[in-house]
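Worksheet: one structure, shown below.
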2 protein chains.
Amino acid sequence: MKKGEANRKRIVDAANQLFYHKGYNQTAFSEVADASGIPKGNFYYYFRSKEELLEAVIDDRLAGIKQMLAEWQRDIPTPRARLHRYAQIPLNELDDVLRYGCPMGSLNVELGKNQLHLQSQATEMFSLFRGWLEQQFDELGLGEKKVEYALHLLSVAQGAALIGNVYRDRTFIAAEVARMDKWIATL
Amino acid sequence: MKKGEANRKRIVDAANQLFYHKGYNQTAFSEVADASGIPKGNFYYYFRSKEELLEAVIDDRLAGIKQMLAEWQRDIPTPRARLHRYAQIPLNELDDVLRYGCPMGSLNVELGKNQLHLQSQATEMFSLFRGWLEQQFDELGLGEKKVEYALHLLSVAQGAALIGNVYRDRTFIAAEVARMDKWIATL
DNA sequence: GTCTATATGAAGATAGAC
DNA sequence: GTCTATCTTCATATAGAC
């Protein structure tokens with residue numbers, strides 16, 4: 001990897017975490033600079049604007065999601081087991097979810113207020129899960145219901161993450177995951 | 001009402017809507033001034049800081065929620081019918097929810113990132129609903145499950161509002177409300 | 001109580017040396 | 001490619017006249 005590439009990645013990684021922990025609009029360039037060890041003025045060699053940095057962060061997250069879903073598709077033998085794997089996400093990321101909510105959901109909520117061109121990119125993260133979930137329902141022979149069911153599973157996870165975050169309640173998140181698992185099992 | 005009181009209310013009403021539509025941190029004083037017709041410098045006669053303005057907005061919302069829930073308690077004869085009434089909220093506010101999400105949820109998500117002292121006040125909005133929902137489950141003889149069930153209903157509504165907002169999908173919100181109604185009916 | 005003018009600070013962005 | 005210094009803009013907040 002070239003030196004410039006390595007620096008770019010350090011900036012994106014630092015911004016990724018800060019945007020999650022503090023929100024996009026509430027994160028200043030100088031904080032990303034401090035966290036990444038790259039001087040502020042040097043940013044504009046890599047990104048022409050803060051928006052472009054957000055786009056790079058979203059692209060990075062999209063790549064991570066794509067890879068994860070491809071691995072699940074390859075390594076988990078049945079669509080039902082894959083759905084159960086999806087339902088576990090909030091528990092796998094429990095501490096972060098309790099403290100900062102869902103990284104996809106909170107970013108979409110923030111950008112959806114009045115930065116619609118940015119939200120449309122953030123929505124792609126949901127759409128990766130949505131397409132993958134629809135595929136699982138297809139494979140289960142539930143193609144007729146796949147749109148409703150996929151959105152339903154996105155929705156349940158978002159509700160659990162949001163209320164879990166509001167009340168810092170790990171028990172509740174576990175209960176909602178159990179409820180999702182039960183629903184998946186009886187499909 | 002004294003003149004000063006009327007002006008104060010106009011500021012709070014304008015801020016209330018702007019905080020919902022644009023988010024708290026993304027709303028500037030000057031915008032509240034324009035929307036309310038009160039000159040910028042005059043704000044500090046009514047509120048010592050932006051945070052204090054938010055507190056006034058939250059207090060205003062809390063009062064509205066309290067009144068609404070008291071009316072429901074008084075006018076709707078059975079706890080089950082009251083729960084059904086709760087489930088209708090996202091449909092009653094459909095256009096706003098599609099465009100801006102849930103006013104309670106989106107504010108909590110924003111403040112929960114790194115303004116915890118403000119989030120704790122915003123959380124009170126949820127807690128009013130939570131307590132009222134628990135009361136309904138109590139009256140239904142489901143006191144043992146009331147904590148889990150109340151949080152569950154908060155969670156379902158939040159998930160529906162968030163995903164409905166992300167995809168601007170009214171059909172999905174209607175489907176989730178129908179699912180909630182079905183769940184309430186079979187309790 | 002109401003308003004204008006302005007202070008203050010921070011943020012995003014740029015210029016230009018090395 | 002890397003970094004320092006700085007510009008500009010805009011937000012919160014204040015001072016003080018009326």
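Numbers restart at 1 for each chain; the letters A, B, ... are given by sequence-line order, proteins then strands. Values below: every heavy atom of this structure, side chains too, minus hydrogens, waters and symmetry copies.
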Quickly work out the [X] [atom1] to [N] [atom2] distance and round it to whole Å.
{"X": "A/Asn42", "N": "C/dG12", "atom1": "CG", "atom2": "C1'", "result": "16 Å"}
{"X": "A/Tyr45", "N": "C/dT14", "atom1": "OH", "atom2": "C1'", "result": "17 Å"}
{"X": "A/Ile38", "N": "D/dT2", "atom1": "CD1", "atom2": "P", "result": "7 Å"}
{"X": "A/Asp34", "N": "D/dC3", "atom1": "CG", "atom2": "C1'", "result": "15 Å"}
{"X": "B/Phe43", "N": "D/dT14", "atom1": "CZ", "atom2": "P", "result": "15 Å"}
{"X": "B/Leu54", "N": "D/dA13", "atom1": "CG", "atom2": "P", "result": "12 Å"}
{"X": "B/Arg10", "N": "C/dT2", "atom1": "CZ", "atom2": "C1'", "result": "12 Å"}
{"X": "B/Leu53", "N": "D/dA11", "atom1": "CG", "atom2": "P", "result": "15 Å"}

Between [Y] and [X], does any NZ, NE, NH1 or NH2 come within less than 4.0 Å of an OD or OE carboxylate oxygen?
{"X": "B/Glu5", "Y": "B/Arg8", "answer": "no"}
{"X": "A/Lys22", "Y": "A/Glu31", "answer": "yes"}
{"X": "B/Arg170", "Y": "B/Asp95", "answer": "yes"}

Of the listed nucleotides [options], the one nearest the side chain of [X]:
{"X": "A/Tyr44", "options": "D/dA13, C/dT14, D/dT2", "answer": "C/dT14"}
{"X": "A/Lys50", "options": "C/dA13, D/dC3, C/dG1", "answer": "C/dA13"}
{"X": "A/Ser30", "options": "D/dT2, C/dA11, C/dA13", "answer": "C/dA11"}
{"X": "B/Ala28", "options": "D/dC3, D/dA11, C/dG1", "answer": "D/dA11"}

Geometric class of the B/His21/B/Tyr100 ring pair [parallel <30°, tilted 30-60°, perpendicular >60°]: parallel
Residue pairs fulfilling ring-ring contact (aromatic ring centres under 6.0 Å, His included) with at least one residue in residues 153-187 of chain B, sequence neighbours excluded: B/Tyr149-B/Trp183, B/His152-B/Trp183
A/Lys50 NZ/CZ over A/Tyr24 ring centroid, <6.0 Å and within 45° of normal: yes
Sugar-phosphate, base or nothing in reach of A/Phe29, heavy atoms under 4.0 Å: sugar-phosphate
Same cluster (ILVMFWY, side-chain, under 4.5 Å), A/Tyr20 and B/Val109: no
DNA chain C contacts among residues 113-121 of chain B, heavy-atom distance under 4.0 Å: none
Those residues of residues 16-25 of chain B lying under 4.0 Å from DNA chain C by at least one heavy atom: none
Of B/Gly37 and B/Lys40, the one whose closest DNA chain C nucleotide lies more 5': B/Gly37
N or O in side chain of A/Asn7 less than 4.0 angstrom from D/dG1 OP1/OP2: no
Donor-acceptor pair, side chain of B/Lys146 and main chain of B/Leu133, under 3.5 angstrom: no
Any donor-acceptor pair under 3.5 Å from B/Gln17 side chain to B/Asp13 backbone: no
Full working for salt bridge (charged side-chain N to carboxylate O under 4.0 Å, His left out) between B/Glu71 and B/Lys66: CA-CA 9 Å; B/Glu71 284 171 13; B/Lys66 270 182 198 160; over 6 Å; no
